[in-house]
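So you know, we letter chains A, B, ... as the sequences are listed, proteins then strands, and number each from 1. Atoms considered below: every heavy atom in the structure, side chains included; atoms not considered: hydrogens, waters and symmetry mates.
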Amino acid sequence: MATVIIPTPLRKFTNNTARLDIKADTIENTVHELTLNFPDLKKHLLDDKGQIRSFVNIFVGNDDIRDLQQGKTPVQTDTVISIVPAIAGGFA
Amino acid sequence: MILIQSTARELMLADAVQAFPDECCGFLFGQEDGEGHRTITTIRVVNNAKEGDKRRRFVIAPLDYIQAEQFAEESGLTLLGVYHSHPNHPAIPSEHDRIAAQPFFSYVIVSVLERKVGPVRSWRLNDEAQFEEESVAVPVLSTGAENA
């Protein structure tokens, strides 16, 4: 069981819940469970191939899973996972 | 409608001028009422983490985002959006802005023309992932007359 922190922009897809306890052993299984429970999250988290979207960062504590074992990063009972939307833009 | 209270607005505009000719960026915190009207009471200035040309792009580092969510939770405010500047360009979102935009968030854009503040406009994604403008209310300045 890990705690997943849902970012504010996506809380309308989780019944305005900010923190969810998800039972899974890896990050990718956590995301899979999330999208099963909250199907409207899927298009915001996963691309057409079922991979985590490039505009979505997932952190375990303060570590980006890209610097760990990506989707295979193991999840412990006390793991805190943050879904972090990429915030970017500009006039051109 | 989005109202940015005076102190927060002044801080945001000062950041936009100071960053010129680069783009600035930061977070907007406040409350939303039952009709969807938003009041921004607090802003948090963050570093433009874009590598390369910051005059036409901005990026907010993920750890700054995580801290912004923590700040909102601890202060009882809602993270309502993001501001950034368009140096020497109008306060209209680009396609790059739209592609990277999140639902729910207000995207306030400050146009800065040769270090002078220009129009301030705000935009939100609709259900078709297109930007719609939301009106920006100007805070009413106190005249002090009520204390006379």
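Side chains of B:Q31 and B:T41 form no contact here, defined as non-hydrogen atoms less than 4.5 Å apart. Taking the side chain as every heavy atom from C-beta outward, A:K23 and A:E33 never approach each other to under 4.5 Å. Put simply, the side chain of B:L13 reaches to within 4.5 Å of the side chain of B:V120, judged on heavy atoms.
Side chain to side chain, B:E134 and B:S106 meet the donor-acceptor criterion of an N or O pair below 3.5 Å.
Annotation: maximal heavy-atom pairing with chain B below 4.5 Å, among A:V84, A:L10, A:T8, A:N57, occurs at A:T8. Between chain A and the options B:V82, B:I66, B:I109, B:D53, the largest number of non-hydrogen pairs under 4.5 Å is found for B:I66.
Of the atoms belonging to B:I99, heavy atoms from both backbone and side chain fall under 4.5 Å from chain A. For A:S82, the part lying near chain B is the side chain, with the backbone staying farther off; criterion is any non-hydrogen pair under 4.5 Å. Contacts of B:R55 with chain A are made by backbone atoms alone, with heavy-atom separations under 4.5 Å and no side-chain atom involved. The contact between B:P87 and chain A is made by backbone and side chain atoms together, counting heavy-atom distances below 4.5 Å. Proximity to chain B (any heavy atom under 4.5 Å) is shown, for A:R53, by neither the backbone nor the side chain. Only the side chain of B:T78 comes within contact range of chain A, with heavy atoms under 4.5 Å apart. With a threshold of 4.5 angstrom between heavy atoms, B:E95 does not approach chain A through any atom at all.
Summarising the local packing, CD of B:Q18 is surrounded by 12 or fewer heavy atoms from other residues, nucleotides or ligands at distances under 6.0 Å.
B:R98 contributes a side-chain N or O that, together with a main-chain N or O of B:A129, makes up a donor-acceptor pair within less than 3.5 Å. Formation of a donor-acceptor pair under 3.5 Å by the B:N88 side chain with backbone atoms of B:E114 is found in this model.
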